[in-house]
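See below for the structure under consideration.
As the structure lists them, so they are numbered: ligands from 1, and atoms in each ligand from 1. FYI, the numbering just counts along the sequence from 1.
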Amino acid sequence: MRTLIISDVHSNIEALTTVIADAEAGGAVGAIWCTGDLVGYGPDPVAVIALLRESKTIAVAGNHDLVACGQMGVEEFNPVAAEAALWTRDQLTPDEQAYLAGLPLVHTEGAFTLVHGSLRHPDWEYLLTPEQALDQFALQTTPHSIVGHSHLSFYVNESQPPLFLRARDRDTVALETTRLILNPGSSGQPRDGDPRASYMLYDDAAATVTWHRVAYDIAATQRKILATGLPAWLGERLEKGK
Ligand code: ZN
């Protein structure tokens with residue numbers, strides 16, 4: 001079975017629909033997993049939540065999801081993120097907020113643990129250093145973990161010290177040679193200089209994960225951001241991939 005793994009969709013329905021279509025173009029997708037930040041920043045929180053619920057996506061909560069359902073304040077957010085987060089909260093019905101509030105911070109699925117930030121600080125830590133990776137491996141009860149939050153696509157081998165490797169389009173890693181920390185990158189707001197939506201495919205028969213990048217209609221998302229009155233920078237950054 002092929003599983004589509006996404007993260008940091010950030011209310012970007014154009015990116016999400018393009019990612020799903022691109023993944024399905026290569027063969028049937030049996031499940032979707034998402035490591036948080038379904039909403040925040042982008043103009044379509046309602047449509048993104050609806051599509052992910054309809055697709056029976058297995059998701060964990062990100063910090064933006066927690067703000068959008070009122071479980072976290074915006075004190076730690078920069079002003080632009082805070083404005084978008086509070087706008088997002090206003091768009092959602094009590095039912096949509098309850099859906100986000102019901103997402104776990106950590107979820108185990110077979111050989112994988114899903115968490116937005118890190119296992120020691122699920123809703124805020126950016127896992128970016130070998131020291132953090134060592135702690136993550138120590139807390140992992142499964143062979144592999146999948147994180148998001150940094151909007152960067154990479155994987156970390158459990159070597160001494162742990163080795164961070166950037167994952168580019170079509171990069172594939174075998175799952176059975178080492179324990180791994182995996183980041184699919186951001187579908188809705190990549191920050192590695194490549195504006196194309198990022199995602200990962202897990203093939204359980206081959207025991208591999210492969211990263212993919214796909215171009216989507218950024219201009220359409222930018223127009224909606226301006227039309228809703230969200231900060232213009234949130235549209236500009238999409239074409240820069242930062
Ligand atoms: Zn995010």
Side-chain angles (χ1 to χ4, degrees), residues 4-16 19 32-45 47-49 51-52 57-69 71-89 91-92 99-101 103-107 114-119 121-128 132 136 145-154 167 181-200 211 213 216 218 221 225 230-231 233-242:
L4 169 60
I5 304 172
I6 56 177
S7 191
D8 298 277
V9 178
H10 283 299
S11 303
N12 188 334
I13 193 68
E14 285 77 25
L16 178 60
V19 159
I32 304 177
W33 302 348
C34 177
T35 47
D37 280 2
L38 287 62
V39 300
Y41 293 127
D44 281 306
V48 165
I49 289 174
L51 181 51
L52 291 177
T57 298
I58 290 169
V60 292
N63 51 322
H64 284 260
D65 305 318
L66 295 173
V67 169
C69 66
Q71 292 198 340
M72 186 188 273
V74 291
E75 297 76 24
E76 307 292 320
F77 279 27
N78 69 54
V80 168
E83 183 182 340
L86 295 174
W87 176 87
T88 301
R89 191 187 289 179
Q91 309 306 306
L92 302 181
Y99 166 72
L100 294 178
L103 296 176
L105 289 174
V106 179
H107 176 81
L114 279 58
V115 65
H116 183 62
S118 72
L119 285 170
H121 300 299
D123 49 7
W124 62 263
E125 183 174 39
Y126 292 92
L127 200 163
L128 295 169
Q132 291 171 310
Q136 179 83 355
S145 66
I146 308 171
V147 301
H149 196 40
S150 61
H151 298 209
L152 301 172
S153 49
F154 63 80
I181 300 165
L182 304 156
N183 191 324
S186 170
S187 293
Q189 194 196 78
R191 293 181 188 163
D192 60 358
D194 182 346
R196 295 177 298 169
S198 189
Y199 69 94
M200 206 163 69
W211 282 261
R213 301 300 285 255
Y216 69 96
I218 291 175
T221 311
I225 285 170
L230 285 164
W233 163 244
L234 294 176
E236 293 159 15
R237 69 187 302 175
L238 294 179
E239 70 188 53
K240 300 182 194 319
K242 62 186 267 188

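- Note: Cys34 SG to Asp8 CG = 7.5 Å, rounded to the nearest 0.5 Å.
- No donor-acceptor pair under 3.5 Å is formed between the side chain of His151 and the backbone N or O of Pro190.
- Within 6.0 Å of CD on Gln71 lie more than 12 heavy atoms contributed by other residues, nucleotides or ligands.
- Side-chain contact, Ser118 with Gln136: no donor N or O sits under 3.5 Å from an acceptor N or O.
- Judged by distance alone, the side chain of Trp87 and the main-chain N or O of Pro43 form no donor-acceptor pair under 3.5 Å.
- Shown here are the protein N/O/S atoms lying under 2.8 Å from the Zn ion (ligand 1), water excluded: Asp8 OD1, His10 NE2, Asp37 OD2, His151 NE2.
- Under the ring-ring contact (aromatic ring centres under 6.0 Å, His included) criterion, His116 pairs with His149, not counting sequence neighbours.
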